[in-house]
Amino acid sequence: MLIGCASSSPPEKRLIGNWQGVQASSAIGTTNPIRAYNYWEVRGDNRIVFKMNTHANEDGHQGVALGEQQMDGAYSWVNKRAVKINDTVYQVKWIDDRLILQGEQDEFTFIRSQ
């Protein structure tokens, strides 16, 4: 049984782009600095720019303000289903339009952003 959506793009190319975090979870008592960043720019040169990008609008709803805080990181592919981000290996899953990264102590869910 195949889970996720089929794509003609290899995972290495599919990961490249801008991703907006929609959910993050971590094991209690763990620290991972990338958890604080909800907007990731994944680049083709194996770099990631992590950004924290939320603010309140005048009407009280959250909006996006790019570039408020950021941190640089790196990634490399372990295999077609796992990527190493900084020093942590994450299993990569694609479900519909979502990217899910599952590590031993963290899990992140993203949607592609413009």
Side-chain angles (χ1 to χ4, degrees):
M1 182 165 142
L2 187 63
I3 297 176
C5 66
S7 173
S8 59
S9 296
E12 296 87 356
K13 289 188 178 182
R14 198 170 175 196
L15 183 65
I16 295 169
N18 299 328
W19 296 94
Q20 179 70 46
V22 293
Q23 183 176 352
S25 58
S26 300
I28 295 172
T30 62
T31 59
N32 184 342
I34 66 173
R35 269 197 322 238
Y37 300 92
N38 63 347
Y39 186 86
W40 294 12
E41 293 177 6
V42 181
R43 299 181 177 173
D45 60 358
N46 290 58
R47 292 183 14 212
I48 301 177
V49 177
F50 303 101
K51 294 184 178 183
M52 185 184 312
N53 297 318
T54 59
H55 71 276
N57 289 334
E58 293 174 13
D59 61 2
H61 292 94
Q62 284 195 341
V64 174
L66 298 177
E68 290 177 0
Q69 293 181 8
Q70 73 179 41
M71 178 179 84
D72 292 329
Y75 72 94
S76 61
W77 285 92
V78 176
N79 58 49
K80 290 188 179 204
R81 295 186 178 181
V83 64
K84 184 176 184 180
I85 300 174
N86 294 342
D87 294 323
T88 304
V89 174
Y90 295 93
Q91 297 303 309
V92 178
K93 296 182 181 184
W94 308 96
I95 299 177
D96 298 324
D97 64 343
R98 295 180 186 261
L99 163 64
I100 300 170
L101 300 174
Q102 292 179 321
E104 288 186 20
Q105 300 190 12
D106 298 294
E107 181 175 311
F108 303 96
T109 302
F110 296 91
I111 56 173
R112 191 171 292 277
S113 182
Q114 299 299 331

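Applying the 6.0 Å contact sphere to CD of Glu12 captures more than 12 heavy atoms from other residues, nucleotides or ligands.
In this structure, Asp96 contributes its side chain and Arg98 its backbone to no donor-acceptor pair below 3.5 Å. When atom types are taken as modelled, the side chain of Asp72 and the backbone of Val49 share no donor-acceptor pair closer than 3.5 angstrom.
Transitive grouping of hydrophobic side chains (ILVMFWY, heavy atoms separated by less than 4.5 Å) keeps Ile111 and Ile100 in distinct clusters. Taken together through direct or relayed side-chain contacts under 4.5 Å among Ile, Leu, Val, Met, Phe, Trp and Tyr, Tyr75 and Trp94 form part of one hydrophobic cluster. Cluster annotation: Ile34 and Val78 are assigned to distinct hydrophobic clusters (Ile/Leu/Val/Met/Phe/Trp/Tyr, side-chain heavy-atom contacts under 4.5 Å, transitive). No path of Ile, Leu, Val, Met, Phe, Trp and Tyr side chains, each step under 4.5 Å between heavy atoms, connects Met52 with Val22, placing them in separate hydrophobic clusters. There is a path of hydrophobic side-chain contacts, each under 4.5 Å, that joins Ile85 to Trp77.
Considering CZ of Arg35 and CD of Gln105, their distance stands at 9.0 Å, rounded to 0.5 Å. Residue Phe110 holds its CZ atom at 11.5 Å from OH of Tyr39, rounded to the nearest 0.5 Å. Here Gln70 contributes atom CD and Lys51 contributes atom NZ; the two are 5.0 Å apart, rounded to the nearest 0.5 Å. In this structure, OG1 on Thr109 lies 8.0 Å from CD1 on Ile95, to the nearest 0.5 angstrom. Taking CD of Gln20 as the start and CG of Leu99 as the end, the distance is 12.5 Å to the nearest 0.5 Å. For the atom pair CG (Asn38) and CD (Gln69), the distance works out to 10.5 Å, reported to the nearest 0.5 Å.
Counting all heavy atoms, side chain and backbone alike, Arg112 lies closest to Gly17 at NH1-CA, 3.7 Å. Closest heavy-atom contact between Ser76 and Val83: O-CG2, 3.4 Å.
Counting only heavy atoms from C-beta outward, the side chains of Trp19 and Leu101 never approach each other to under 4.5 Å.
Between Arg47 and Asp45, at least one side-chain N (NZ, or NE/NH1/NH2) sits under 4.0 Å from a carboxylate O, which counts as a salt bridge.
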